[in-house]
There are 2 protein chains.
Amino acid sequence: MKKISESAVRRLSLYLRLLRVVAGKQELISSQELAERSGATSAQVRKDLSLFGSFGQRGRGYEVDDLIETLEGILGLGRRWRVAIVGVGKLGSALLGYRELSQRGFDVVAAFDVDARKVGEKLGGLDVSDIDSLERVIREREVEIGIITTPPEAAPDVADRLTRAGVSAILNFAPVKIGGNEGMVIRTMDLALELEGLTFALTSSRDGERSHA
Amino acid sequence: MKKISESAVRRLSLYLRLLRVVAGKQELISSQELAERSGATSAQVRKDLSLFGSFGQRGRGYEVDDLIETLEGILGLGRRWRVAIVGVGKLGSALLGYRELSQRGFDVVAAFDVDARKVGEKLGGLDVSDIDSLERVIREREVEIGIITTPPEAAPDVADRLTRAGVSAILNFAPVKIGGNEGMVIRTMDLALELEGLTFALTSSRDGERSHA
């Protein structure tokens with residue numbers, strides 16, 4: 001399989017989300033319409049989809065249901081995924097209550113915390129487990145994806161334990177680099193980095209205005 | 001200014017974060033070293049930086065302090081930014097307590113909620129303001145960036161109010177499309193989309209394994 005850039009994968013996710021909105025309302029969608037709704041160009045849409053052999057028909061566009069199925073297959077969403085959240089502070093419990101996850105195919109089947117007062121508490125329909133039982137619970141519940149929402153100092157150790165327990169992928173919200181063995185898929189979310197995307201746009205658009213003056 | 005892709009901006013942010021870690025410890029850094037630490041190739045690093053006229057010196061690399069200053073300038077981080085958080089539920093209060101924001105140049109100067117029990121409460125050193133006072137407080141405190149962490153049904157209206165009150169950019173965490181006038185910079189965070197990046201990688205690497213069998 002060709003190497004696909006992270007931003008191309010993001011666009012595929014976005015197309016899929018848009019297609020799900022129109023599914024049942026229309027049978028066909030043009031690259032132009034997908035482009036308008038996703039902020040890409042229609043050439044970009046066609047290029048992204050052709051990478052995976054989905055070409056649409058000139059003058060007709062893509063079959064919505066077919067394209068949904070294709071994109072779900074590419075993105076690994078033709079099935080549900082079992083997720084654990086480690087650290088149920090504010091961010092962790094916000095994620096536990098985030099219904100969008102389940103709607104998009106992610107079942108949170110375990111939550112862990114180090115705080116004895118939280119262990120056993122019911123959050124989002126789930127009992128919080130003691131972090132000491134992490135390896136056992138991860139194996140018993142066949143967790144595939146771990147989400148780390150611990151303080152930064154705890155995150156690297158949690159990542160190692162998740163890896164050893166057999167998790168295949170980690171989404172890390174702690175502002176710290178975490179390791180993992182070969183073949184492990186790790187993505188670190190950096191909220192300040194998202195804000196820097198905004199300030200870049202604000203700054204470059206102002207530079208643009210100045211250059212027109 | 002040339003149009004820079006969102007993923008290139010992300011990489012610049014990442015380089016900057018890495019440079020700040022080594023600042024004071026080393027004067028020079030090679031594209032190879034930046035690449036290793038950021039997961040890019042060294043050719044990609046050189047290309048990204050050359051877009052902005054920063055070329056380094058063959059065999060020596062880049063001056064760390066210079067490159068930090070250049071990247072801060074490009075990303076609009078040569079100054080601090082004034083931020084408001086609208087909606088102090090779990091996610092909003094997690095962000096209020098997220099020290100990394102202030103360390104990276106973002107000052108949260110206002111927080112709003114619709115819930116009378118939260119208004120006046122002190123969170124992260126800040127009094128929560130009544131959503132009814134949004135326009136006045138945004139203007140008085142000269143807020144430039146709004147972060148929306150309300151439930152999805154409230155988000156579009158909040159975005160309109162932030163826009164009218166003069167905010168220049170919005171980071172939206174609600175899983176819903178929000179509007180904004182021309183020139184407004186809007187980025188919607190989609191946590192399920194981040195997970196889909198993981199499942200894509202898991203699925204395509206498994207396909208790869210199968211193809212070797």
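The structure presented is a predicted model; accordingly, all values stated were derived computationally and were not measured. Chain identifiers are assigned alphabetically (A, B, ...) following the order of the sequence lines, protein sequences preceding nucleic acid strands; residue numbering begins at 1 within each chain.
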Exercise. Out of curiosity, A:Glu144 CD to B:Leu198 CG, how far, rounded to the nearest 0.5 Å?
Worked result: 11.5 Å

Problem set entry | Proximity breakdown for A:Leu195 and chain B, heavy-atom pairs closer than 4.5 Å | both

For this session: Output every pair passing side chain to side chain donor-acceptor pair (under 3.5 Å) with a member in residues 120-129 of chain A, not counting sequence neighbours, ordered by first then second residue.
Result: none

For this session: Among B:Pro152, B:Ala192, B:Gly89, single out the residue with the greatest number of heavy-atom pairs under 4.5 Å to chain A.
Result: B:Ala192

Exercise. In chain order, what residues pass the salt bridge (Lys or Arg N to Asp or Glu O under 4.0 Å) check against A:Arg10, with sequence neighbours excluded?
Worked result: A:Glu6, B:Glu194

Seminar exercise, completed: Ordered numerically, the heavy-atom neighbours of chain B under 4.5 Å found in residues 98-111 of chain A are A:Tyr98, A:Glu100, A:Leu101, A:Arg104, A:Phe106

Problem set entry | Reported CG-to-CG distance for the pair B:Leu126 and B:Leu123, which is rounded to 0.5 angstrom | 8.0 Å

Exercise. To the nearest 0.5 Å, what is the distance between OG1 (B:Thr41) and CD (B:Gln32)?
Worked result: 9.0 Å

For this session: Please state whether the side chain, the backbone, both or neither of B:Leu191 comes within less than 4.5 Å of a heavy atom of chain A.
Result: both

For this session: With rounding to the nearest 0.5 Å, note down the distance linking CD1 in B:Ile147 to CZ in B:Arg187.
Result: 12.5 Å

Problem set entry | Positive for side chain to side chain contact (heavy atoms under 4.5 Å, CB included) with A:Phe112, one of A:Thr150, A:Leu162, A:Thr149, A:Ile138 | A:Ile138

For this session: Indicate yes or no for a side-chain donor-acceptor contact from B:Thr199 to the backbone of A:Leu75 under 3.5 Å, with no hydrogens or angles considered.
Result: yes

Exercise. Measuring heavy-atom distances to chain A, does B:Leu12 have an atom under 4.5 Å in its side chain, in its backbone, in both, or in neither?
Worked result: neither

Problem set entry | Pairs of heavy atoms under 4.5 Å with chain A: top-ranked of B:Leu171, B:Leu193, B:Ile145 | B:Leu193

Exercise. Chain A heavy atoms under 4.5 Å from B:Leu91: which part of the residue, side chain, backbone, both or neither?
Worked result: both

Exercise. Which residue pairs pass the salt bridge (charged side-chain N to carboxylate O under 4.0 Å, His left out) test when at least one of the two sits in residues 42-53 of chain B, sequence neighbours left out?
Worked result: B:Arg11-B:Asp48

